[in-house]
Amino acid sequence: MSASETRSYAVTAGEAAEAEQQLQTLRECLMAHEMAHFSSTLHHLASARLNASQALELEAFQLLARAADVTLVPDELLMPAKSLQLQAQTEQHPLAQAAALRALHWVQMRMRLHHAALDSLAKAAELYERCALPRLVTQMRAARCRVMLSAELHLELQQFCGEMLAQPGELTPSIHVMLLDYAASAAYYLALEEGDDDGAAALWRDCLARRELVLRRARAHGLASQECLALLNLAMVTATCERPADCRDYMRQLRARFGRDGYWEPWLVLCTLLADCAEAADADAADEGARAPAWQALLAYDAGLAGDTLASARLREITLQAIRRYGRRWGYLEQALQATIRQVAMERRHKRELATSLGETLSAVMERPQLLYQNALLAQHGTVLENSLVQRNQELNSALATLRQEVAVRQATEEALQLAHDRLEQQVRERTADLGEAMRSLMQQEKQLGLSRMVVGMAHELNTPLGNARVAASAITAQAQDLRRGLDAGALRRSQLEGLLDSVTQGGELVDRALRQIGQLVERFKGLSGHTTQEPATLFDLADRLRFCADNWRRGLQARGITLTLNTPEQLWLHGYPGTCQVVFQHLLDNCLLHAFGRHAGGVIVVEARAGVDAVVVDWIDDGCGIAPEHLSQVFEPFYTTQLGRTGTGLGLASVHSMVVGLMKGQVTLDSAPRRGTRVSLSLPYGEAR
């Protein structure tokens, strides 16, 4: 589980800003082993509150610090680095992805996958450029130096450093010092390889001058890690140049400034041995007692370098060079010859490893048989060290040129894909906005249509009783005026009074009927809300309630020739609203009488009730005229009826649906076809008790 998954906090702006400052310090580290100088920063961030991107970036820098540990096998870090890079890419955290690529590049470099390491650096530079961090882009470009040094491209490294140092305005002090350091390293290894003493002497002078300049500038700008590396390199150069006093002075400064526990200790051991050999060489030539201990210690140190890590390979190369030099000088020709043989074998093995690592890049531009032929040709000429190095440099230059072309093509492709992606996202946003507007307009139209239908239905249903009431009220008013005029004239007869009273009585009855009809319509309107009753929920026998309703309906149904069949168990207990259930059943009966059978005599109604798993199921079935398919989707809408103004109000099934679904939290389904009858199924949950 990654840090981004385990340490995802709600981070305040202040906490995020503080963490960002410390992460920026880690981003500006030039090499993986510099993480040792920022262990306190890593420790503090490990316990700080970070957002997901910062936590993932911290995990990448922790992996980078592990990659610098030469005691760890790089193969075991390759998959974690790739997984971390893929996770950062998937979660779209560019800074974390760049940090993961830096860790991956260091692991690839230790595994001598130089082309892959260069590709990782190019991707990291591109990510930093997208984040508008030009200093880190330049830093990633300068980081090619360590890959070139690992690939033993010493001459090319010297030229590359010279090109970048020619433009100092673009370089920070730390990058400037790093380029000087790598230029000095290139001169150091070129001097070791130089066969001509005069040419080697010029390279040694250049190397020493650059090393001293690195130390001065690192101290001037407070670059602790580069000061440490400069002291170590100066100790090594002066030891190789047989200046033991200067070597020991630089070692004392290094240990006084940075202690004894660090990556530099194996190198200081070699510096001490070389200084001892240089001091023994300055002693009297006949003094075997001064030479023998230093010589034996150098041989023992070489025998102990059994590993083949990047660091130990460099140590052994310098050690074998010293054995060759002092062996020839002191007469230990056999050991010097063996050292030469081991050095040639090691160079041949390294050459084969470099050629193998180039296979993936070279296979893109040449056929595999040609690559195998070149590898075989390199193996045949491996005994000649200089020629094999020239051949290897040519191959590496070709591979780097091809890789640069591939990076340029990939960058152009990714930019085109990004542009197309941005355009597509813009189109999707625009069409989504249009669709949302259309949906809102459609919903508004549907609401207005439903409201219009309800208003029309209510107006139509209320107009008839209100009209009757107004007619009756007008008649009563006219009769009252006639009565008043008769009384005023004193000519009111008994028969006339009786006629007026009869008219007033009939008008009052008409008003009363109209008001009762209006009251019934209002009750039906209330049924649409799903809260038609204030009765409390109680435990009742639904089967008994159905039998009670059937007994009340039977006489009226018999008068119309309609048969009602009731199929229920003896008891069917339900926790709910018995009065509401009775209203629902009455609505279903009225719907059958008005619509299923209409004015026709005869018909069959079957009511079946049974206990389901979670609810009581009631099926109301008739063999009436059925419902046309175009009306099925609207029968539960208020005031929807095909007989508006004749017999139907369009509220029966709408009230059933509202009370069952809204109040009783049940379900209503309807199945019907013309001339095949109708089935209405009610699902009534058991409620709190069963």
### Task
With sequence neighbours excluded, tell me which residues meet side chain to side chain contact (heavy atoms under 4.5 Å, CB included) with Ala100.
Ala60, Leu84, Gln85

### Query
Taking the side chain as C-beta and beyond, is there a heavy-atom pair between Met251 and Gln253 under 4.5 Å?
no

### Query
Can you check whether Tyr326 and Trp295 have ring centres sitting under 6.0 Å from each other?
no

### Message
Quick one about Gln87 and Glu91 (side-chain donor to acceptor, distance below 3.5 Å, no hydrogens or angles considered), yes or no?
### Response
yes

### Message
I'd like to know if the side chain of Asn233 reaches the main chain of Leu229, judged simply by a donor and an acceptor atom lying under 3.5 Å from each other, with no hydrogens or angles considered.
### Response
yes

## Note on the structure
side chain to side chain donor-acceptor pair (under 3.5 Å) filter on Tyr301, not counting sequence neighbours, yields none

### Under 3.5 Å side-chain donor-acceptor pair for Glu317 and Gln321
no

### Task
Test side chain to side chain contact (heavy atoms under 4.5 Å, CB included) on Met148 and Phe160 and set out the steps.
CA-CA 9 Å; Met148 298 172 72; Phe160 179 76; 4.1 Å; yes

### Message
I need the Gln89 CD to Leu127 CG distance, nearest 0.5 Å.
### Response
8.5 Å

### Task
Take Leu231 and Phe258, measure what side chain to side chain contact (heavy atoms under 4.5 Å, CB included) needs, and give me the verdict at the end.
CA-CA 10 Å; Leu231 289 170; Phe258 300 102; 4.2 Å; yes

#### Entry: Worked verdict on Arg255 versus Glu265 for salt bridge (Lys or Arg N to Asp or Glu O under 4.0 Å)
CA-CA 9 Å; Arg255 283 172 169 152; Glu265 278 303 319; 3.3 Å; yes

### Message
Within the structure provided, determine whether Glu406 and Val409 are in side-chain contact (heavy-atom separation under 4.5 Å).
### Response
no

### Task
Could you check Glu28 against Thr172 for side chain to side chain contact (heavy atoms under 4.5 Å, CB included), going step by step and ending with a plain yes or no?
CA-CA 10 Å; Glu28 294 177 356; Thr172 63; over 6 Å; no

### Task
Write down the atom of Tyr128, the atom of Arg102, and the distance for their closest heavy-atom approach.
OH-NH1, 3.2 Å

### Task
Using a 4.5 Å cut-off on heavy atoms from C-beta on, say whether the side chain of His115 contacts that of Leu400.
no

### Atom pair CE/CG of Met79 and Leu86 - distance to nearest 0.5 Å
9.5 Å

### Task
Decide yes or no on salt bridge (Lys or Arg N to Asp or Glu O under 4.0 Å) for Arg342 and Asp302, but give the supporting numbers first.
CA-CA 11 Å; Arg342 289 195 297 272; Asp302 175 64; 3.3 Å; yes

### Task
Would you check if the side chain of Gln226 reaches a backbone N or O of Ser174 as a donor-acceptor pair within less than 3.5 Å?
yes

### Task
Quick one: pull up OH in Tyr182 and CG in Leu157 and give me the separation to the nearest 0.5 Å.
8.5 Å

### Query
Taking the side chain from Ser398 and the backbone from Glu395, do they hold a donor-acceptor pair closer than 3.5 Å?
no

#### Entry: Carboxylate-amine/guanidinium contact Arg27 Glu20, below 4.0 Å
yes

### Query
Does some side-chain heavy atom of Leu299 sit less than 4.5 Å from a side-chain heavy atom of Tyr332?
no

### Minimum side-chain heavy-atom gap Glu242-Arg325 below 4.5 Å
yes

### Query
Are side-chain heavy atoms of Cys241 and Arg205 found at a separation under 4.5 Å?
no

### Query
Is there a side-chain contact between Arg324 and Leu337 (heavy atoms, below 4.5 Å)?
no

### Summary
Note: Thr238 and Cys247 closest approach over all heavy atoms is OG1-CA, 3.2 Å

### Message
So Asp119 and Arg410, do their side chains get closer than 4.5 Å, heavy atoms only?
### Response
yes

### Pairing of Arg210 and Asp181 as salt bridge, 4.0 angstrom limit
no

### Message
Salt bridge check, Glu227 against Arg217: does any charged N sit closer than 4.0 Å to a carboxylate O?
### Response
no

#### Entry: Glu156 side, atom CD; Leu149 side, atom CG - distance, nearest 0.5 Å
12.0 Å

### Task
Heavy atoms only: give me the nearest His114-Ser150 pair and the separation to one decimal.
NE2-OG, 3.0 Å

### Summary
The reported gap from SG in Cys131 to CD in Gln97 (rounded to nearest 0.5 angstrom) is 9.5 Å

### Query
Nearest 0.5 Å, what's the CG-CG distance between Leu104 and Leu77?
10.5 Å

### Task
Of all the heavy-atom pairs spanning Leu396 and Ala151, show the shortest one and how long it is.
CD1-O, 3.5 Å

### Query
Where the side chain of His176 meets the backbone of Pro173, is there a donor-acceptor pair that is under 3.5 Å apart?
no

### Minimum-distance pair of heavy atoms, taken over all atoms of Leu101 and Ala124
CD1-N, 3.6 Å

### Summary
Residues Cys277 and Ala294: closest non-hydrogen pair is SG-O, 3.8 Å

#### Entry: Arg248 and Glu279 ion-paired at < 4.0 Å
yes

#### Entry: Chi angles and distances behind the side chain to side chain contact (heavy atoms under 4.5 Å, CB included) call for Glu129, Leu133
CA-CA 6 Å; Glu129 187 172 5; Leu133 297 172; over 6 Å; no

### Message
Determine whether a donor-acceptor pair (N or O, by modelled atom type, separation under 3.5 Å) exists between the side chain of Arg144 and the backbone of Leu121.
### Response
no

